[in-house]
Amino acid sequence: MLKRVEAWQVRTGMFVEAIEGAWHDPFLSKRRFLLRREIDAQKLRKNGMTGVIINTSRGLDIDGLPGGNIEIDTKAARETIQKSMQVLESIFGRLQHGDGISVDQVAPVISSVSKSIDQSPTVFLSVTRLKSKDEATFLHSISVSALMILFSRHLGLDETTVQMLGTAGLLHDVGKLEIPLEILNKEGPLDEDEIKMIRDHPEKGHAILSRQEGISEIVLDVCLNHHERIDGKGYPRKLSEAQVSLHARIAAICDVYDAITSVRPYRAPWSASQALKWMLGNEGHFDRRLLKKFALCLSVAAVT
């Protein structure tokens with residue numbers, strides 16, 4: 001639903017359809033967009049606008065609550081996710097059988113996920129949270145991809161990098177193709193051999209992707225290093241803080257956040273606030289400065 005609001009009422013989380021009055025920022029003034037950053041909200045409030053047209057079906061209303069038809073949004077998100085899972089399952093199947101893949105095969109999934117997360121991040125991410133055993137790997141990959149797109153845009157990274165990070169999220173766990181399902185889905189504690197097998201998946205995935213044509217260094221970096229830690233206690237290489245790239249730090253946050261906020265058959269999910277509280281209290285694991293920005297990103301997107 002389209003609605004006109006006064007310039008002073010503009011807030012992050014609103015979806016802007018049109019801007020009234022004087023405006024001199026060509027990047028914002030000629031496009032429809034979700035208002036993600038407080039700095040952009042301040043521009044709209046302070047630069048001579050008479051009013052702003054918002055779309056409450058795609059963002060927040062004045063009261064800070066999402067509007068629109070959530071049922072329709074959920075249906076659209078489910079359709080996007082189902083189609084994306086089918087493509088991803090086909091891609092992973094090709095890799096498992098030793099066949100090659102290309103970035104072009106992944107591109108339609110990234111495009112669909114990017115569009116959906118831009119339109120309604122709350123709805124899209126909520127749909128990915130319910131993961132059955134059979135769907136866990138694919139839905140986790142799609143959800144991490146969506147979170148990395150959402151977060152990297154919040155950080156103001158260029159769109160080429162955003163798309164590469166989305167691709168990295170989609171392929172970051174490809175090394176798990178070489179781990180038996182009974183270990184991936186095991187409900188009890190893992191023994192030492194099983195833990196080693198799990199911890200080998202970043203290197204296995206990196207080896208698989210390194211054999212493919214056109215895979216960017218960002219994707220390879222994220223695949224290999226998304227389990228590294230700031231305190232040097234991560235795996236597989238125990239990298240020091242200075243050696244862990246921004247891309248891998250983003251991936252580490254999005255990967256863990258999705259894992260602990262998702263519904264699984266053998267445990268209840270944590271809420272966003274519970275997850276972030278635990279992650280912020282987990283000294284040495286994450287880049288705390290980046291993690292605080294991630295929390296703000298979720299707040300702006302109204303993800304709960």
* To do: Compare every heavy atom of Ala168 with every heavy atom of Ile218, then report the nearest pair and how far apart it is.
  => O-CB, 4.4 Å

* Asked: Do the side chain of Thr128 and the main chain of Leu125 share a donor and acceptor less than 3.5 angstrom apart?
  -> yes

* Please say whether more than 12 non-hydrogen atoms of neighbouring residues, nucleotides or ligands are located less than 6.0 Å from CD in Glu182. => yes

* State yes or no: do Val222 and Ile230 share one hydrophobic cluster built from I, L, V, M, F, W and Y residues joined by side-chain heavy-atom distances below 4.5 Å, directly or via other members? => no

* Tell me, with the steps shown, if Ser84 and Val113 meet side-chain contact (heavy atoms from CB on, under 4.5 Å). => CA-CA 8 Å; Ser84 297; Val113 171; 4.1 Å; yes

* Asked: With a 4.5 Å heavy-atom cut-off, do Lys238 and Arg229 have their side chains touching?
  -> no

* Asked: How many angstroms lie between atom CH2 of Trp270 and atom OG1 of Thr261, to the nearest 0.5 angstrom?
  -> 10.5 Å

* Cys254 versus Met148, closest heavy-atom pair with distance -> SG-CG, 3.7 Å

* Structure fact -> CG of Asp173 to NZ of Lys204, rounded to nearest 0.5 Å, is 14.0 Å

* Does the side chain of Phe92 reach to within under 4.5 Å of the side chain of Leu177, using non-hydrogen atoms? -> yes

* Structure fact -> Rounded to the nearest 0.5 angstrom, the CD1-CG distance for Ile179 and Asp200 is 8.0 Å

* To do: Under the side-chain contact (heavy atoms from CB on, under 4.5 Å) rule, what do Val16 and Leu44 come out as? Steps first, then yes or no, please.
  => CA-CA 10 Å; Val16 176; Leu44 288 173; 4.3 Å; yes

* Shortest non-hydrogen contact between Asp118 and Leu34, atoms and distance -> O-CD2, 3.8 Å

* To do: Could you walk me through whether Leu171 and Ile208 pass side-chain contact (heavy atoms from CB on, under 4.5 Å), step by step?
  => CA-CA 10 Å; Leu171 299 176; Ile208 291 171; over 6 Å; no

* Residue pair Val256 / Phe286, side-chain heavy-atom distance below 4.5 Å -> yes

* **For Gln212 against Ile101, the heavy-atom pair lying closest together** => OE1-N, 2.9 Å

* **Any side-chain heavy-atom pair of Val144 and Tyr257 under 4.5 Å** => no

* Co-membership, hydrophobic cluster, residues Leu220 and Leu239, 4.5 Å side-chain -> no

* Examine distances only and state if a side-chain atom of Ser145 and a backbone atom of Ser141 form a donor-acceptor pair shorter than 3.5 Å. => no

* What about Leu184 and Leu190, same hydrophobic cluster or not, with Ile/Leu/Val/Met/Phe/Trp/Tyr joined at side-chain heavy-atom distances under 4.5 Å? -> yes

* Going hydrophobic residue to hydrophobic residue with side-chain gaps under 4.5 angstrom, can you get from Phe15 over to Ile117? -> no

* Decide if atom CH2 of Trp278 counts as having more than 12 heavy atoms of other residues, nucleotides or ligands within a radius under 6.0 Å. => yes

* Structure fact -> Note: Met197 and Pro180 closest approach over all heavy atoms is SD-CD, 3.5 Å

* Checking His206 side chain against Pro202 main chain: does a donor-acceptor pair fall under 3.5 Å? -> no

* Can you tell if the side chain of Ser102 reaches within under 4.5 Å of the side chain of Glu213, non-hydrogen atoms only? -> no

* Worked check of salt bridge (Lys or Arg N to Asp or Glu O under 4.0 Å) between Asp193 and Lys196 -> CA-CA 5 Å; Asp193 289 338; Lys196 183 181 184 306; over 6 Å; no

Show me, pair by pair, the donor-acceptor contacts under 3.5 angstrom made by side chains of residues 242-253, not counting sequence neighbours?
| unit_1 | atom_1 | unit_2 | atom_2 | d |
| --- | --- | --- | --- | --- |
| Gln243 | OE1 | Ser240 | N | 2.8 |
| Gln243 | OE1 | Ser240 | OG | 3.1 |
| Ser245 | OG | Asp221 | OD2 | 2.4 |
| Ser245 | OG | His247 | N | 3.4 |
| Ser245 | OG | Ala248 | N | 3.1 |
| Arg249 | NE | Val244 | O | 2.9 |
| Arg249 | NH1 | Asp287 | OD2 | 2.8 |
| Arg249 | NH2 | Glu241 | O | 2.6 |
| Arg249 | NH2 | Val244 | O | 3.4 |

* To do: Please round to the nearest 0.5 Å and tell me the distance separating atom CZ of Arg153 and atom CG of Asp158.
  => 11.5 Å

* Same apolar cluster: Met164 and Leu224, side chain cutoff 4.5 Å -> no

* **Side-chain heavy atoms of Cys297 within contact of Leu150, under 4.5 Å** => yes

* Asked: Are any of the side-chain heavy atoms of Phe294 and Leu276 separated by less than 4.5 Å?
  -> yes

* Using atom types as modelled and distance alone, determine if a side-chain donor or acceptor of Gln274 lies under 3.5 Å from a backbone N or O of Ser271. => yes

* Value rounded to 0.5 Å, distance of CD1 in Ile91 from CD in Gln86 -> 12.0 Å

* Could you tell me whether the side chain of Glu178 and the main chain of Gly175 form a donor-acceptor pair under 3.5 Å? => no

* **Step-by-step side-chain hydrogen bond (donor to acceptor under 3.5 Å, both in side chains) determination, Ser143 to Asp258** => CA-CA 7 Å; Ser143 183; Asp258 179 69; 2.6 Å; yes

* **Any donor-acceptor N/O pair, Thr161 side chain to Leu157 backbone, under 3.5 Å** => no

* Closest heavy-atom contact between Val103 and Gly214? -> CG2-O, 2.9 Å

* Asked: Stepwise, does the side-chain contact (heavy atoms from CB on, under 4.5 Å) test hold for Lys83 with Ser112?
  -> CA-CA 9 Å; Lys83 290 177 182 177; Ser112 296; over 6 Å; no

* Side-chain heavy atoms of Leu60 within contact of Ile54, under 4.5 Å -> no

* To do: Kindly say whether Val10 contributes a backbone atom to a donor-acceptor pair with the side chain of Arg45 at under 3.5 angstrom?
  => yes

* Interatomic spacing from CD1 in Ile81 to CE in Met85 - rounded to 0.5 Å -> 9.0 Å

* Could you go step by step and tell me if His227 and His172 meet the ring-ring contact (aromatic ring centres under 6.0 Å, His included) rule? -> CA-CA 10 Å; His227 283 293; His172 77 288; 7.8 Å; no

* Asked: Side chain of His97, backbone of Arg94: donor and acceptor closer than 3.5 Å?
  -> no

* May I ask you to decide if Ile149's main-chain N or O and Ser152's side chain share a donor-acceptor pair within less than 3.5 Å? => yes

* Thinking salt bridges, do Arg237 and Glu203 make one under a 4.0 Å N-O criterion? -> no

* Asked: Do side-chain atoms of Asn282 reach the backbone of His285 as a donor and acceptor pair under 3.5 angstrom?
  -> no

